[in-house]
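Mind looking over this structure? Questions follow.
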Amino acid sequence: MRLSRYFLPVLKETPAEAQIVSHRLMLRAGMIRQASAGIYSWLPLGYTVLRNIERIVHEEQQRAGAIPVLMPTIQSADLWRESGRYDAYGPEMLRIRDRHDRDMLYGPTNEEQITEIFRAAASSYRDVPRMLYHIQWKFRDEIRPRFGVMRGREFLMKDGYSFDVDRAAAEVSYNKMMVSYLCTFERLGLQAVPMQAESGPIGGDLAHEFLVLADTGESEVFLDRAMVDMALGDTPVDYEDAAGLAEIRRRWTAPYARTDDTHDQAAFEAAVAEGDRMVRRGIEVGHIFYFGTKYAEPLGATIVTHEGERVPIHGGSYGIGVSRLVGALIEANHDDKGIIWPESVTPFAVGLVNLKQGDGVCDGACADLETQLAAAGLSVLYDDRDERAGAKFATMELIGLPWRLTVGPRGLKAGTVELASRRSGEVIELAPQDAVARLAEIYRGV
RNA sequence: CGGGGUGUGGCGCAGCCUGGUAGCGCGUCGGUUUUGGGUACCGAAGGUCGUGGGUUCGAAUCCCGCCGCCCCGACCA
């Protein structure tokens, strides 16, 4: 993509309304534009990142055995009356009336809908376990939307649902999702710590929130230092191995890690040595919980067991805030110059800066690089504007491309271009074809 | 919903107290400059001053209503 033909409305000055760094940088980098309070348009750069995150979530969900569907944003109130939540949900639910005066709503979540879909098709223990999920826009009429896409009213969420014959089986599904979440966040380059969450009406410990540590987080969190650099790394993940999944969950939930909702200071002090106690702030990016038969019972979603007994389906619900993750990623990856995208979500693999636009040799070298990068399957944003070098570098830094190729007459005389890392600042000079090979190597398997 | 702010070209702001018909910086456009970290100069375009009403010879400015947006609190991916 050539910048002269792209749509990238970057801002030199910081918009006054943006209070936190991710919001400021998203506006400045031309990723989003506010439509009204808590509602945003996604501009090309932001939309690309959003889709990249979506893609990773899709891949990891399906790897864990979840099956993609797509449910509507607008729902009928009838189902919600059946579950009893139409009245329970409160003003946060956007209620709409259609031309026939029927009560509709813009879905804040989809438990009712998915349960209705599943109950119509499932009749026996042979129909479970199943996990269905979708990535769809939600609307919650927050009292006070703020922080850009971190707390919007309209937001993109992955919500998944598991269906099992009993609690023990549901726990296996739960573990699959927990591990899937660990894999997902790790691929996104985020350290998201699973924390004991309020377990709701069912009890037990099958409820966790995943929090990214960041000073601008909305929740206060208490955790054992051991959680901070825990990583799956090369740990093999086999979603068919229930015992292995349970072991991963055990390991990741052993150290103390709780939000202020569930925090118990005495337990914290008993479990963690003073020097390892961390009190920080966190951004909630995921939430998994087992809700038992909460929806299956009122909605009559039942299956017949192997023994011939009709039982309500045991369900679980698993959310990832996809649009929020864009903000969380920036909160976790930025410096005073701008964003620093992880390779897994960057909108372009590399930025290309031509230091002498209009010079035949430089222009030609850049065009060659474009071709070679495309052949290697690498996306490139080529700043071909007639601009000063400093302005070009600053733009690349602001929008956070992790790698930058710089082409100038000085280097070309020696047959080299510069490859610079946004994260480390390191700059190396090498032949153009070697730079492409190096980038291909970096992005292999990302 | 309670408390505190704010609304003036695309962005950031001044002007408002003390009414006289709108200004600055950035950006944009046309030139010159051909640039190794936001270059300089010349020229230009662009504004129903959120909105409705009132006071006045005259309102961005004073008064009243409404709306939008932001911040602080209780809820949430």
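Bear in mind the structure is a predicted one, so any value in this text is a computation, not a measurement. Below, read A as the first sequence line, B as the second, and so on, with proteins coming before strands; counting in each chain starts at 1.
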message = I want to verify a distance call: between B/U35, B/A74, B/A77, whose nearest atom is closest to the A/R388 side chain?
response =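 In terms of side-chain proximity for A/R388, the closest of B/U35, B/A74, B/A77 is B/U35.
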
key: Assigned partner base of B/G10, Watson-Crick or wobble definition, under 3.5 Å   =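 WC or wobble partner is B/C26.
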
query = So what's B/U32 paired with, Watson-Crick or G-U wobble, going by both distances under 3.5 Å?
reply =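 Pair assignment: B/U32 / B/A40.
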
ask   = Any idea which of B/G36, B/C75, B/G37 is nearest the A/E92 side chain?
value =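 The nucleotide sitting nearest to the side chain is B/C75.
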
key: Quiz item: A/E418 side-chain donor-acceptor pair to B/G36 base, under 3.5 Å   =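 By the distance-only test, yes, there is a pair.
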
key: Separation of B/C76 P from A/E284 CD (nearest whole Å)   =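 The answer, rounded to whole Å, is 9 Å.
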
query = Does A/R140 place a side-chain N or O at less than 4.0 Å from the phosphate oxygens OP1/OP2 of B/C75?
reply =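 A/R140 to B/C75 OP1/OP2: no side-chain N or O under 4.0 Å.
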
message = So A/G411, base contact, sugar-phosphate only, or nothing? Heavy-atom distance under 4.0 Å.
response =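 Base, at least one base heavy atom under 4.0 Å.
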
request  = Could you give the distance separating B/G19 and B/C63 at their P atoms, to the nearest angstrom?
outcome  =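 Straight-line distance between the two P atoms is 12 Å.
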
query = Base, sugar-phosphate, or nothing: which does A/G152 touch, judged by heavy atoms less than 4.0 Å apart?
reply =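 Base contact.
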
message = Under 4.0 Å from OP1 or OP2 of B/C70: is there any side-chain N or O of A/Q34 that close?
response =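 Looking at the OP1 and OP2 atoms of B/C70, one of them is under 4.0 Å from a side-chain N or O of A/Q34.
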
key: Pairwise C1' distance, B/C72 and B/U48 [rounded to whole Å]   =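 Roughly 35 Å separates the two C1' atoms.
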
message = Heavy atoms only, 4.0 Å cut-off, all strands: where does A/P9 land among base, sugar-phosphate and nothing?
response =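 Nothing, no nucleic acid heavy atom in range.
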
inquiry  = Please give the distance between the P atoms of B/G9 and B/G52 as a whole number of Å.
reply    =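 Those two atoms are separated by 16 Å.
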
query = If pairing requires Watson-Crick or G-U wobble contacts with both distances under 3.5 Å, which nucleotide is the partner of B/G2?
reply =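 Pair assignment: B/G2 / B/C72.
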
task = Hunt down the Watson-Crick or G-U wobble partner of B/C17, both distances under 3.5 Å, from any strand shown, or write none.
result =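 When the pairing criteria are applied, nothing turns out to pair with B/C17, so the answer is none.
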
message = Using ring centroids (six-membered ring only for Trp), state whether A/Y290 and A/Y174 fall under 6.0 Å.
response =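 So the answer is no for these two rings.
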
key: Minimum heavy-atom distance A/Y318-A/K158, with the two atoms named   =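 Smallest heavy-atom distance, with atoms named: O-NZ, 3.1 Å.
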
request  = For B/C70 versus B/G30, give the span between their P atoms, rounded off to a whole number of Å.
outcome  =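 Rounded to whole Å, the distance is 35 Å.
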
ask   = Does A/R144 place a side-chain N or O at less than 4.0 Å from the phosphate oxygens OP1/OP2 of B/C75?
value =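 Result: no.
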
ask   = A/R33 has an atom CZ; how far is it from atom P of B/G10, in whole Å?
value =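 Whole-Å distance recorded here is 9 Å.
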
inquiry  = Heavy atoms from C-beta onward define the side chain here; which of B/A77, B/G38, B/G36 lies closest to that of A/M157?
reply    =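 So the side chain of A/M157 is nearest to B/A77.
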
ask   = Taking the same atom, C1', in B/U51 and in B/G38, what whole-Å distance lies between them?
value =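 Between the two C1' atoms, the distance is 39 Å.
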
query = Does A/Y256 reach the side chain of A/R277, with side-chain heavy atoms less than 4.5 Å apart?
reply =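 Of all side-chain heavy-atom pairs linking A/R277 with A/Y256, none is under 4.5 Å.
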
task = Provide the distance between the two P atoms, one in B/G5 and one in B/G37, to the nearest whole Å.
result =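 Nearest-Å result for B/G5 against B/G37 at atom P: 46 Å.
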
ask   = How many Å lie between CD1 on A/I288 and C1' on B/C76, as a whole number?
value =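 A/I288 atom CD1 is separated from B/C76 atom C1' by 17 Å.
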
inquiry  = OP1 or OP2 of B/C11 versus the side-chain N and O atoms of A/K12: is any pair under 4.0 Å?
reply    =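 Indeed not, no polar side-chain atom of A/K12 lies that close.
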
request  = Counting heavy atoms from C-beta on, name the nucleotide in B/G38, B/C71, B/G37 closest to the side chain of A/A394.
outcome  =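 Taking heavy atoms from C-beta onward, the closest nucleotide is B/G38.
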
query = Should the heavy atoms of other residues, nucleotides or ligands under 6.0 Å from CZ of A/R438 be counted, would the total exceed 12?
reply =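 No, CZ of A/R438 has 12 or fewer neighbouring heavy atoms, counting only those of other groups under 6.0 Å.
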
task = Counting Watson-Crick and G-U wobble pairs only, both distances under 3.5 Å, name the nucleotide matched with B/C62, or none.
result =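 B/G54 - that is the nucleotide pairing with B/C62, both distances being under 3.5 Å.
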
task = Identify which nucleotide among B/G36, B/A77, B/C71 has an atom closest to any side-chain atom of A/F147, counting heavy atoms from C-beta outward.
result =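 Nearest to the side-chain atoms of A/F147, counting from C-beta on, is B/C71.
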
query = Quick one: which of B/A77, B/G38, B/G36 gets closest to the side chain of A/L355?
reply =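 Side chain of A/L355 sits closest to B/G36.
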
request  = For A/S36, report the nucleic acid contact type (base, sugar-phosphate, nothing); a contact means any heavy atom under 4.0 Å.
outcome  =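 Answer is sugar-phosphate: A/S36 comes under 4.0 Å of backbone atoms only.
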
request  = In whole angstrom, give me the gap between the C1' atoms of B/A74 and B/G3.
outcome  =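 Roughly 13 Å separates the two C1' atoms.
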
request  = Just call it for A/E397: base, sugar-phosphate, or nothing, with non-hydrogen atoms closer than 4.0 Å on any strand.
outcome  =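 Base: the residue A/E397, judged by heavy atoms under 4.0 Å, touches a nucleobase.
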
key: Separation between the P atoms of B/C16 and B/C62, rounded to whole Å   =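 Approximately 9 Å lies between the P atom of B/C16 and that of B/C62.
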
ask   = Does A/S162 reach the side chain of A/M177, with side-chain heavy atoms less than 4.5 Å apart?
value =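 The answer is no; the side chains never approach within 4.5 Å.
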
ask   = Please give, in whole Å, the distance from B/C72 P to A/E218 CD?
value =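 Taking atom P of B/C72 as the reference, CD of A/E218 is at 9 Å.
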
inquiry  = If I take atom CG in residue A/D260 and atom P in nucleotide B/C76, what distance separates them, rounded to the nearest angstrom?
reply    =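 So the CG-P distance, A/D260 to B/C76, works out to 11 Å.
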
query = Do A/R85's NZ or CZ and the ring of A/Y295 fall within the cation-pi criteria of under 6.0 Å and 45°?
reply =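 Output no; distance or angle outside limits.
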
query = Which atoms form the tightest heavy-atom contact between A/A257 and A/V193, and what is the distance?
reply =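 Smallest interatomic distance, heavy atoms only, reads CB-CG1, 4.1 Å.
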
request  = Give the minimum heavy-atom separation between A/S36 and A/R153, together with the two atoms involved.
outcome  =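 Taking every non-hydrogen atom into account, OG-NH2, 4.1 Å.
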
task = Look at the side chain of A/R146 against the base of B/C70 and say whether a donor-acceptor pair falls under 3.5 Å; ignore hydrogens and angles.
result =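 Checked by distance alone, the answer is no.
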
ask   = Hey, does A/R24 reach any base, or is it just sugar-phosphate, or nothing, if we go heavy atoms under 4.0 Å?
value =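 No contact.
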
